[in-house]
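Before I ask anything, let me first share the structure, which is written out below as structure tokens.
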Amino acid sequence: MPELPEVETIKCELSPSVAGKTIENVELLSERIVKRPSHEEFLKGVIGRRIESLSRRGKYLIFCLDSGNFLIMHLKISGSLFVSKNREDMPKYTKAVIALNDGGYIFFRDPRSFGRMWLDKDTSEVEKMLGPEPFTQEFTLEELEKRLARRHIPIKAVLLDQAVIAGIGNMYADEVLYASKIHPLRLASSLSRREIKKLHDNILRILSLAILSKGASVQNYFRPSGEKGKAHFNFKVAHGLGGKDCPCGGEIIRIVVRGRGTYFCPKCQK
DNA sequence: CCCGGAACCTGAAGGC
DNA sequence: TGCCTTCAGGTTCCGG
């Protein structure tokens with residue numbers, strides 16, 4: 001599942017293949033892959049445009065076009081981008097093919113079909129929905145404290161709320177809570193300053209480590225080269241990948257919080 | 001405004 | 001072996 005570290009890896013590894021290149025053609029192989037505008041308008045807006053740069057905000061991937069418009073993608077839970085010079089390399093479940101003027105292709109693959117892309121005149125709509133970006137000056141301990149104080153729901157649910165912090169998904173939320181020794185059902189508003197400090201530190205530490213490991217390849221995440229990431233080898237609890245038992249001697253259990261599978265150690269996490 | 005739950009989608013895994 | 005059911009998950013939408 002692409003969360004911040006996975007989308008960051010895709011951005012970094014895709015950049016050299018797309019920056020400065022012109023989009024020669026786009027094939028839309030699924031009705032739903034483009035959110036807006038119509039397929040016809042979308043194609044008119046992107047074909048012939050040069051990609052100036054590629055950036056990321058939360059889990060959104062943003063192509064800045066020379067027209068001043070932005071091609072924005074969200075991979076949701078099973079989307080991935082694959083790059084090749086050969087059209088025949090098109091993977092199964094490809095929903096869109098972007099052909100560049102250097103002969104390269106970007107394949108938007110997505111077995112679950114939740115992923116979308118769209119064209120926008122600016123990025124304000126994305127910006128409006130998202131809280132602070134972890135690796136920026138806006139993500140301070142004080143800001144996190146302020147945001148948690150007014151939420152009277154489980155901390156796990158708050159970490160998943162993109163309006164509170166951008167980029168954390170189900171896997172990293174579990175890892176961060178485990179490292180911080182905080183029970184996922186604790187109400188966000190009940191956390192002490194000391195606990196929020198640990199949370200803040202661990203968010204930055206765990207996300208950076210995952211970026212260094214090129215993301216976590218559970219289920220459908222692949223890097224643009226087709227290679228997998230290695231971040232899941234560091235997982236202590238997420239997805240049950242840490243094993244059945246915690247080093248403390250307790251058992252790692254799974255509960256459901258806001259409809260999401262949540263792994264934690266009830267002995268360590270209070 | 002705040003919160004919980006359903007819906008979207010479909011391959012994989014589990015049950016019989 | 002094979003059919004049927006259930007599950008997973010990011011985001012959006014709806015109802016209380």
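Below, read A as the first sequence line, B as the second, and so on, with proteins coming before strands; counting in each chain starts at 1.
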Open item on the list: Would you say A:Q162 places a side-chain N or O within less than 4.0 Å of OP1 or OP2 belonging to C:dG10?
Closed with: no
A:K236/A:D174 ion pair, N-O < 4.0 Å: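 So A:K236 does not pair with A:D174 through a salt bridge.
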Quick one: A:Y93 OH to B:dG11 C1', roughly how many Å, whole number?
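My rounded result for the distance is 6 Å.
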Under 4.0 Å between a side-chain N or O of A:R260 and OP1 or OP2 of C:dA8?
no
Could you tell me whether A:R147 and A:E143 make a salt bridge, using a distance below 4.0 angstrom between a side-chain N and a carboxylate O?
yes
In whole angstroms, the gap separating C1' of C:dT11 from CZ of A:R36 amounts to 14 Å
Closest to the 5' end of DNA chain C, once A:M129 and A:R112 are matched to their nearest nucleotides, is A:R112
message: For a quick test of reading the model: is some side-chain N or O of A:H239 closer than 4.0 Å to OP1 or OP2 of C:dG9?
response: yes
A:M1 has its side chain closest, among B:dG4, B:dG11, C:dG9, to C:dG9
Review point. Given the side-chain rings of A:H200 and A:F139, with only the six-membered ring counted for Trp, is the space between their centroids under 6.0 Å?
Key: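 Between A:F139 and A:H200, which both carry aromatic rings, the centre distance is below 6.0 Å.
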Testing C:dG10, C:dA8, B:dG11 for proximity to the side chain of A:R254, the answer is C:dA8
query = Does OP1 or OP2 of C:dT11 have a side-chain N or O of A:K59 closer than 4.0 Å?
reply =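 Checking C:dT11 against A:K59, a side-chain N or O does come within under 4.0 Å of OP1 or OP2.
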When rounded to whole Å, the CD to C1' distance for the pair A:E31 and B:dT10 reads 18 Å
Testing B:dT10, C:dG9, B:dG4 for proximity to the side chain of A:R258, the answer is B:dG4
- Contact class for A:G259 vs. all strands (heavy atom < 4.0 Å): base, sugar-phosphate, or nothing? nothing
Using only side-chain N and O atoms of A:H74, determine if any of them is under 4.0 Å from OP1 or OP2 of C:dT11. yes
Separation of C:dG9 atom P from A:Y221 atom OH, nearest Å, is 18 Å
From CD1 of A:I168 across to C1' of C:dT11 the rounded distance in Å is 16 Å
- Roughly, in whole Å, what's the span from CZ in A:F114 to C1' in C:dA8?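 Distance check: A:F114 CZ to C:dA8 C1' gives 9 Å.
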Can you check the A:R32 CZ to C:dT11 C1' distance for me, whole Å?
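Result: 16 Å.
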Review point. Taking atom P of C:dT12 as reference, at what distance in whole Å does atom CD of A:E125 sit?
Key: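 Atom-to-atom, A:E125 to C:dT12, this comes out as 9 Å.
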| Can you say whether the rings of A:F107 and A:Y105 are parallel (under 30°), tilted (30 to 60°) or perpendicular (over 60°)? |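 The arrangement is parallel - the two ring planes meet at less than 30°.
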Any carboxylate oxygen within less than 4.0 angstrom of a Lys/Arg side-chain nitrogen, looking at A:K198 and A:E195?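 No, this pair does not count.
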